[in-house]
Number of protein chains: 2
Amino acid sequence: MRQPHFIDSQNLKTNNTNKQSVTVHDVARVAGVSKSTVSLVLRGSDKASDRAKEKVLKAIEETGYVYNREAAAMRSKSSDLVAIVINDLTNPYSANLAVALEKHIRELGLMATLVNTSENALTQTQIVAKLQEYRVKAFIICPTPNTQASWLNQLQKPHTQVVSIMRQVDGSQVPCVLPNNEMGAYNATKALIARDHKHIAFIGGDAAISDYHQRLAGFNKAAKEQNDIQTWVFNSTTNRHGGRLAMSECLAQVPQVESVVCFNDIVAYGVIEYLAEQNLKPGADIGVIGFDDLDDSKLMSVPLSTVKIDANDIAKAVCHILKNDTQKGLTQVPVALIERSS
Amino acid sequence: MRQPHFIDSQNLKTNNTNKQSVTVHDVARVAGVSKSTVSLVLRGSDKASDRAKEKVLKAIEETGYVYNREAAAMRSKSSDLVAIVINDLTNPYSANLAVALEKHIRELGLMATLVNTSENALTQTQIVAKLQEYRVKAFIICPTPNTQASWLNQLQKPHTQVVSIMRQVDGSQVPCVLPNNEMGAYNATKALIARDHKHIAFIGGDAAISDYHQRLAGFNKAAKEQNDIQTWVFNSTTNRHGGRLAMSECLAQVPQVESVVCFNDIVAYGVIEYLAEQNLKPGADIGVIGFDDLDDSKLMSVPLSTVKIDANDIAKAVCHILKNDTQKGLTQVPVALIERSS
DNA sequence: AATTACTCTTGGAACGTTCCATTTTACCTT
DNA sequence: AAGGTAAAATGGAACGTTCCAAGAGTAATT
């Protein structure tokens, strides 16, 4: 399945003024030490004396030296690039997560590079193949639908870690970090049952994604714990429009519905929009709980109750795996039910 | 202002199994040609015979060779990395734009890497400094507030292009690609005037950003062309919540307002939300026009009229500058008024 | 058949760093 | 002051590619 390997950069104007760049040699000369010492100082080694460090830093300042990571990576056979491969950056939750991951990776002293696959498995393959040519240290990947477990597995190399996030690929051997979807949906549903609601629907989401099944499982589990609860499920595309359509269908078919658990906040926004059109007030007339806790959710006219997935927690779990090179299969990150007015 | 230069990657487990990797030499040996020929084939040169190409491609397949871009970049002193430096990826329009840029850059045969500055000038400085160590070919940068023109200018190097997008930094010499903000707001306002509205407000936005002034200028220009138009301006934070607050203030102070031009779609969403609370119907009771044309806008219960900024157009303009290395100052990308029901 | 012209191929040097084995320096201890 | 030991500094080799100048092969022209 290897692609024939061409390097087809249509050559851009390269402006190749051959001005010699400043190297460790130049810094060494100015500082009056050897290039090896400069290298030690650059890497923050404690094998260089304070006096040497001082001289070298001054020389760096004077010469305007810029570290050449390509050369370093080539010699040391290890890069500090971490690739964050996101399925859909236009999804607000994904974007949040990407930003959190980037921040935590930077705090680890590594360089994060973000790429977007647009939920397209072929694009994912191509981008990842190209990133491999940069010898990235790690892939943090939210796999597109139809990602092959075997493909994911073979990405793991002695010098390359792989962590999959948010979605689980059946049969894959790579460590995976997920929010506790089932628990979240379970708690949300329980909260609605505690309002004495007996007619509850699960709204939105797409069966092609593993989250969906986990959240739905939590929903069903909570409902089945009591034998007087009736439930319905209405799927939809995972956006605001889908939420609106699913809610309209729900109200048409199940007028007695008392509350809904939404696949995520975006879907919940669509639900709320539809309810407003019908002059129904979220919380008062129909209970609505979302999933994700987007920034907007607490600021809506009726603040949205939701299950918060803390992107920082996900990022921390991922970084923990990176640091310790644990091969442990699954890390479930706790989620928190946040009850607001809806 | 150069940072003392430490490379402080807390060392992660490196798993340094010294399994020799496959190089051009190995491929050459298997293919029965010289390493130079392999290199030519890899770069898609037409100086290699078809027969040689074939042998090399087969050998690549056999050996499982992976191109080492770090080595290539070091020797050739040119990378094919293009950095997209985005001010705020959690903003849906920025995310859209980033995705479009990434796609177009990939089509150019280059590798895009996305980083996020969270509107923080210091973070921007740090990230860009690190990217310079990778010898990126180009920076496409949406500058944070308080970006210094001198800093932006000195990023331009013989081997590094810089293009600023969406925001203009006063005094900077780098090429800049902007949507035609003034024209967009002008046309939006004109469209409201054509509805025979005489009392029009400009809602939302933050005076720290250059777009704001351009859009407001277009608004004012349209209003002043006729001498019976009264206008008001209500600033806000640039999010949904801000839109809601600004609209509530507007209705309180200017009950006779007939329509509003919003700084962007997100603000317009907040405006619409507030109108719904007051039982006012967008379009019928109060005209609302947004800016950006986010995906959700056409799908709202009352489809939002808006000024569309096509992210692909921006991306194309940027790529045109990259390809031709034009130093031309300002490229204004046309925008389109899309009248829907609001 | 010799000359020219052109296409294709090639080995060695080079890119800027880190690694490593070795030497130099500094610091104790007696 | 001599010896021993650890810390600091160093020069050359190496990483895997591309560049370059030159060589080999082939076809066309005389």
Side-chain angles (χ1 to χ4, degrees), chain A residues 5-7 9 11 14 16 18-29 31-56 59-60 63-80 132-135 159, chain B residues 5-7 9 11 14 16 18-29 31-56 59-60 63-80 132-135 159:
Chain A
H5 183 121
F6 276 110
I7 298 151
S9 71
N11 31 353
T14 37
N16 208 345
N18 249 354
K19 205 174 75 179
Q20 289 292 33
S21 50
V22 181
T23 74
V24 276
H25 291 94
D26 302 310
V27 175
R29 193 167 25 74
V33 298
S34 74
K35 61 177 173 31
S36 304
T37 302
V38 174
S39 177
L40 288 173
V41 174
L42 284 172
R43 283 174 290 157
S45 162
D46 54 2
K47 291 195 171 176
S49 65
D50 289 347
R51 190 166 143 57
K53 274 182 196 161
E54 202 181 317
K55 285 193 290 185
V56 168
I60 286 173
T63 53
Y65 169 75
V66 179
Y67 186 61
N68 184 329
R69 250 168 225 285
E70 279 154 348
M74 175 177 135
R75 178 60 181 110
S76 68
K77 293 187 163 213
S78 78
S79 132
D80 69 344
Q132 286 182 303
E133 302 181 348
Y134 289 92
R135 301 275 144 109
H159 58 284
Chain B
H5 183 122
F6 276 110
I7 298 152
S9 72
N11 32 354
T14 36
N16 209 344
N18 250 353
K19 204 173 76 180
Q20 289 291 33
S21 48
V22 182
T23 74
V24 276
H25 291 94
D26 302 311
V27 175
R29 191 166 27 73
V33 298
S34 74
K35 63 178 171 30
S36 304
T37 301
V38 174
S39 176
L40 288 174
V41 174
L42 284 172
R43 283 175 289 157
S45 162
D46 53 1
K47 290 194 172 176
S49 65
D50 289 347
R51 190 165 145 57
K53 273 183 197 162
E54 201 182 318
K55 284 193 290 184
V56 169
I60 286 173
T63 53
Y65 169 74
V66 178
Y67 186 61
N68 184 328
R69 249 167 227 284
E70 279 154 346
M74 175 178 136
R75 178 58 181 110
S76 66
K77 292 187 164 212
S78 78
S79 132
D80 69 344
Q132 286 182 302
E133 303 180 348
Y134 289 93
R135 301 275 144 109
H159 58 283

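This is a predicted model, so every value here is computed, not measured. Throughout, protein chains are lettered first and strands after them, A, B, ... in sequence-line order, and every chain is numbered starting at 1.
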Looking only at side-chain atoms of A:Tyr67, point me to the closest of C:dT9, C:dT18, D:dG16. C:dT18
Straight-line distance of A:Met74 CE to A:Asn68 CG, nearest 0.5 Å: 10.5 Å
Result for 5'-nearest mapping on DNA chain C, choosing between B:Asp50 and B:Met74, is B:Asp50
Rounded distance in Å - CZ (B:Arg69) to C1' (D:dC15): 18 Å
Rounded to whole angstrom units, what separation is found between the CG atom of B:Leu42 and the C1' atom of C:dT9? 15 Å
Whole angstrom is fine here: how far is it from CD in A:Glu70 over to P in C:dT18? 13 Å
Given the structure, check if the side chain of B:Ser36 and the base of C:dG11 hold any donor-acceptor pair shorter than 3.5 Å. yes
Go nucleotide by nucleotide along DNA chain D from the 5' end; which of A:Lys35 and A:Arg51 gets its closest nucleotide reached first? A:Arg51
Given atom NZ of A:Lys47 and atom P of D:dA6, what is their separation to the nearest angstrom? 13 Å
Does the pair B:Ser34 and B:Thr37 meet the rule for a side chain to side chain donor-acceptor pair (under 3.5 Å), with working shown? CA-CA 5 Å; B:Ser34 74; B:Thr37 301; 3.2 Å; yes
Minimum-distance nucleotide (side-chain atoms of A:Ser76 versus D:dT18, C:dT18, D:dA9): C:dT18
Using atom CZ of A:Arg75 as one end and atom C1' of D:dA13 as the other, report the distance to the nearest whole Å. 8 Å
For a 4.5 angstrom cut-off between non-hydrogen side-chain atoms, does B:Val41 reach B:Val27? no
Closest-nucleotide ordering on DNA chain C, the 5'-leading residue of A:Val24 and B:Ser49: B:Ser49
Rounding to a whole Å, what distance do you find between A:Arg29:CZ and D:dT10:C1'? 17 Å
OP1 or OP2 of D:dA9 sitting under 4.0 Å from any side-chain N/O of A:Ser34? no
Atom-pair distance (CZ on B:Arg135; C1' on D:dT17), nearest Å: 16 Å
Among the candidates D:dT18, C:dG11, D:dG16, find the nucleotide nearest to the side-chain atoms of B:Ala72. D:dT18
To the nearest angstrom, how far is B:Lys77 atom NZ from C:dA14 atom C1'? 10 Å
If you check the A:Asn68 side chain, which of C:dT17, C:dG11, C:dC19 turns out closest? C:dT17
With sugar-phosphate meaning primed atoms plus P, OP1 and OP2, does A:Ala73 contact a base, only sugar-phosphate, or nothing at under 4.0 Å between heavy atoms? nothing
Under 4.0 Å between a side-chain N/O of A:Thr37 and OP1 or OP2 of D:dA9, yes or no? no
Quick one: label A:Asp26 by what it contacts on the DNA or RNA (base, sugar-phosphate, nothing), any heavy atom closer than 4.0 Å. nothing
Once rounded to the nearest 0.5 Å, what's the spacing between atom CD of B:Glu70 and atom OG of A:Ser78? 8.5 Å
Does the A:Arg43 side chain pair with the main chain of A:Ser39, one donor and one acceptor, at a distance under 3.5 Å? yes
